[in-house]
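Both counts, for ligands and for their atoms, begin at 1 and track the order of listing.
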Amino acid sequence: MLKLESVSVSFPTAGGVIQPVDKVSLEVEKGGRHVLIGETGSGKSVLLTSLLGLSGGEITGHIFWKNRELAGLPETEYAKIRGREIAYIPQNGAGSLNPLMKIGRQIGEPLQVHRGASRKEALAAAVEALRELDFQSPEYWARQYPHRLSGGMRQRVLVAMGTIAGGELLLADEPTKGLDTDRREEVARRFRQFPGTALLCVTHDLEFARAVGERISVLYAGQIVETAPAAAFFDAPLHPYAKSMIRSLPEHGFQSAKGFAPSHRDYGGLGCRFAERCPEAGDACGKSPPLLQFGERQVRCWYAAGSE
Ligand code: SF4
């Protein structure tokens with residue numbers, strides 16, 4: 001349904017061209033839920049906004065949506081797909097809502113614009129969505145303006161807006177940002193509620209990824225370093241960076257990888273981009289590893305075969 005083939009995104013800067021997304025390939029099946037995890041700066045948000053033609057970067061490679069090439073699509077054509085076929089939940093709850101429009105109308109607007117619902121029907125659906133996302137007195141909150149809501153409430157309003165029109169694909173950027181554990185579970189439940197809607201979600205929240213993902217990809221320094229079925233991934237990741245992510249979970253004692261990812265400007269000319277932080281690095285790692293196939297998994301590590 002959604003297929004990315006070697007997608008790179010680059011931006012000119014005063015210090016030269018940077019490429020925060022480097023030859024990313026992945027597929028999301030109809031109704032499938034794919035979660036892309038990575039730390040801040042790994043390129044995941046740039047990738048997501050690029051799929052919608054909103055990043056402003058130069059895209060190379062192919063983005064196929066229902067066999068139609070999206071890369072290079074004119075804005076007038078993109079506008080017909082956004083919202084109607086592909087819904088988007090941005091991560092900035094405060095900045096993404098219209099401060100002059102009441103919450104209920106904003107949530108219901110996609111139903112009016114893309115599904116021909118009346119204003120009354122849209123408002124009723126908005127109230128229901130707020131109820132499902134555990135707003136107490138949803139009728140009251142539907143009548144409020146965004147400034148009356150907390151950050152976590154605004155985040156859940158964005159989730160309601162993104163899911164209300166039931167498009168074919170939902171792109172979600174850090175949908176649990178600022179939410180506590182109970183609220184994260186409500187968002188996960190909402191995402192699982194639409195079996196016909198495919199999901200591509202980017203997050204650094206591993207617990208949330210485990211709750212919603214059927215397939216997991218890990219992005220590190222602009223490259224996918226591992227893609228695997230979710231159960232296999234959380235059971236036994238193969239890439240050393242993915243292993244460090246799993247070790248950072250509470251049940252493993254919060255042992256995250258030491259050091260920092262290289263900056264965008266340092267990507268060129270490196271061998272493995274994780275080498276400086278990698279406890280398993282060996283002689284081969286001065287050369288950039290390709291994505292290697294292991295059954296249903298892909299891993300970007302010269303030594304992954306020994307980890308199986
Ligand atoms: S290729 Fe080498 S440095 Fe990179 S993740 Fe594998 S072992 Fe570590």
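Coordination check, C285 versus atom 6 (Fe) of ligand 1: failed, since every N/O/S atom of the residue sits at 2.8 Å or beyond.
In terms of modelled atom types and a separation under 3.5 Å, the side chain of S25 and the main chain of S6 share a donor-acceptor contact.
Exactly one residue among R300, H239, R277, E39 makes a side chain to side chain donor-acceptor pair (under 3.5 Å) with Y220. That residue is R277. Of the candidates P289, C301, P240, C285, F274 forms a side chain to side chain contact (heavy atoms under 4.5 Å, CB included) with just one, namely P240.
More than 12 heavy atoms of other shown residues, nucleotides or ligands fall within 6.0 angstrom of atom NZ in K66.
Only side-chain heavy atoms of P240 come within less than 4.0 Å of ligand 1; its backbone N, CA, C and O stay farther off. With a 4.0 Å cut-off on non-hydrogen atoms, Y303 touches ligand 1 through its side chain and not its backbone.
Counting atoms of ligand 1 from 1 in the listed order, those under 4.0 Å from a heavy atom of H239 are 5 (S). The atoms of ligand 1 that sit less than 4.0 Å from any heavy atom of E280 are 7 (S). Near C272, the atoms of ligand 1 lying under 4.0 angstrom from a non-hydrogen atom of the residue are 1 (S), 3 (S), 4 (Fe), 5 (S).
Considering only non-hydrogen protein atoms, atom 8 (Fe) of ligand 1 sits nearest to C278 SG, 2.3 Å. In this structure, atom 1 (S) of ligand 1 lies nearest to the protein heavy atom W302 N, 3.5 Å. Closest protein heavy atom to atom 6 (Fe) of ligand 1: C301 SG, 2.3 Å.
Comment: R156 does not engage E132 in a salt bridge, judged by the lack of any side-chain N to carboxylate O separation of less than 4.0 angstrom. Remark: E174 engages K44 in a salt bridge, criterion side-chain N to carboxylate O under 4.0 Å. A salt bridge does not link R115 to E121: none of the charged nitrogens lies less than 4.0 Å from a carboxylate oxygen.
Residue contacts with ligand 1: R273 is excluded, as none of its non-hydrogen atoms falls under 4.0 Å.
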